[in-house]
Amino acid sequence: MKDILTAPFVEDMKRATANMYRQTWDERNGGNISFMLEEEKVAEYLDLNNVIRTIPTGFDATGLIGKIFIVTGTGKYFKNVEVDPETNLGIIRIAEDGTTAELLWGWKDGGKFTSELPAHLMSHMARLKVNPENRVIMHSHPTYTLAMNHIHELDEKKLTHTLWEMCTECMVVFPDGIGVLPWMVCGTNEIGIATAKKMEEFRLVVWGLHGIYGCGKDMDEAFGLIETVEKAAMLYMLATASGKRINTISDSQLWEIVEAFHLEDSVRRDFLDL
Ligand code: 2HA
Ligand code: ZN
């Protein structure tokens with residue numbers, strides 16, 4: 001059996017959480033990540049018959065029975081994952097009943113998965129229907145994205161459009177736009193259901209005045225989506241703070257990007273005024 005601390009998926013979690021912490025996106029215990037793993041890969045590091053303990057999830061994840069995830073822990077700090085992965089992360093398998101998590105590794109201090117597990121697992125189910133390659137769900141509190149939430153309408157079309165206008169890269173990276181949920185209490189099944197519903201349509205979902213969800217086939221894709229939104233939000237806040245904006249990328253120019261990068265099938269045309 002190989003040493004789990006050398007597993008690429010543990011490395012991915014360490015790198016992502018450390019980067020996110022250092023971007024100041026994930027203060028204290030803010031943010032959470034779940035990453036669906038291949039059983040054969042996990043079996044190189046862990047005895048899959050050895051369940052350390054079982055933890056009820058409080059919701060039905062029947063669509064994910066037998067699936068294995070590495071997940072950040074509730075109350076755990078992103079900044080500490082790098083130095084002590086075995087306390088701050090856990091590897092769980094969804095049990096036969098669909099409502100129990102079997103702990104295979106981690107949370108060695110008796111901890112458990114993130115309070116946002118409903119939003120994560122429900123979003124995994126939603127994304128897998130749209131894209132069977134999806135593996136990562138990532139939640140974060142990026143600073144400028146949140147600052148922008150205070151001064152910009154929380155409307156999917158308007159928010160997406162404003163961010164597209166900020167730099168050419170945005171249309172290339174998220175032509176499918178950003179879903180937006182109003183402010184809601186976090187950590188509940190309700191916000192999980194609402195997030196998953198948006199994830200059927202969007203790879204990015206803003207939680208009004210709280211943060212953002214991103215997803216992807218790997219850590220880089222999910223991180224890159226959130227990072228690009230955050231960069232555009234930073235530009236928006238800086239440009240807006242100057243009190244003077246005289247240039248923008250027009251809708252016809254945004255369409256030129258769509259054509260140049262062959263994004264006709266993924267772009268939210270209804271978010272453009274052509
Ligand atoms: O895990 O970010 O949304 C802490 C949070 C809750
Ligand atoms: Zn949060």
Side-chain angles (χ1 to χ4, degrees), residues 12-36 55-59 61 69-92 101 103 106-107 109-124 126-127 136-150 154 159 178-199 202-216 219 222-223 225-227 229-230 233:
D12 277 349
M13 294 294 276
K14 283 164 60 178
R15 274 183 55 217
T17 49
N19 278 327
M20 293 164 84
Y21 174 69
R22 292 194 186 105
Q23 303 262 34
T24 75
W25 298 352
D26 294 284
E27 72 292 340
R28 200 174 181 272
N29 62 320
N32 24 78
I33 305 176
S34 59
F35 181 11
M36 196 170 101
I55 317 169
T57 64
F59 64 96
F69 298 86
I70 187 163
V71 187
T72 50
T74 184
K76 304 295 190 229
Y77 294 17
F78 270 21
K79 78 179 175 68
N80 295 337
V81 173
E82 206 177 24
V83 286
D84 188 2
E86 199 173 350
T87 301
N88 294 288
L89 301 174
I91 294 179
I92 55 169
L103 182 67
W107 301 316
D109 62 348
K112 66 174 206 169
F113 43 74
T114 165
S115 58
E116 303 297 359
L117 195 72
H120 279 258
L121 293 193
M122 291 178 196
S123 293
H124 275 287
R127 281 317 297 175
V136 174
I137 301 288
M138 183 180 276
H139 167 61
S140 183
H141 305 161
T143 312
Y144 288 90
T145 304
L146 276 177
M148 186 178 175
N149 272 219
H150 289 266
L154 293 175
L159 187 80
I178 304 171
V180 177
L181 289 180
W183 182 88
M184 292 172 77
V185 176
C186 57
T188 63
N189 287 352
E190 286 69 34
I191 203 167
I193 293 164
T195 308
K197 185 102 199 76
K198 291 289 178 198
M199 281 275 177
F202 298 100
R203 291 175 300 154
L204 286 157
V205 180
V206 162
W207 278 7
L209 301 163
H210 178 134
I212 193 164
Y213 269 75
C215 65
M219 210 62 81
F223 188 93
L225 280 169
I226 294 175
E227 187 176 34
V229 169
E230 174 65 351

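In what follows, residues are counted from 1 in the order of the sequence shown. Remember, it's 1-based here, ligands and their atoms both numbered in the order they're listed.
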Item to check | Non-hydrogen side-chain atoms of Asn80 and Asp84 separated by less than 4.5 Å | outcome: no
Checklist entry - Are Met148 and Leu159 close enough that some pair of their side-chain heavy atoms sits under 4.5 Å apart? => result yes
Checklist entry - When you check the side-chain N and O atoms of His124 and Ser34, is any donor under 3.5 Å from an acceptor? => result yes
Checklist entry - Of all the N, O or S atoms in His141, which one sits nearest to the Zn ion (ligand 2)? => result NE2
Checklist entry - Rounded to 10°, how many degrees is the angle NE2/His139-the Zn ion (ligand 2)-NE2/His210? => result 100°
Checklist entry - Does a side-chain heavy-atom distance below 4.5 Å link Tyr21 with Glu82? => result no
Pairs of nitrogen or oxygen atoms, one from ligand 1 and one from the protein, closer than 3.5 Å: please tabulate them with distances.
residue, atom, partner, partner atom, Å
ligand 1, 1 (O), Asn29, O, 3.3
ligand 1, 1 (O), Asn32, ND2, 2.9
ligand 1, 2 (O), Gly31, N, 2.9
ligand 1, 2 (O), His139, NE2, 3.3
ligand 1, 2 (O), His141, NE2, 3.0
ligand 1, 3 (O), Glu116, OE2, 2.5
ligand 1, 3 (O), His139, NE2, 3.3
ligand 1, 3 (O), His210, NE2, 2.9

Checklist entry - Distance-only, no hydrogens or angles: does the Thr57 side chain make a donor-acceptor pair with backbone N or O of Leu117 under 3.5 Å? => result no
Next on the checklist: Please find the pair of heavy atoms, one from Glu116 and one from Tyr213, that lie closest to each other, and give the distance.
Outcome noted: CB-OH, 3.4 Å
Next on the checklist: Which heavy atom of His120 sits nearest to which heavy atom of Ile137, and what is that distance?
Outcome noted: CE1-O, 3.4 Å
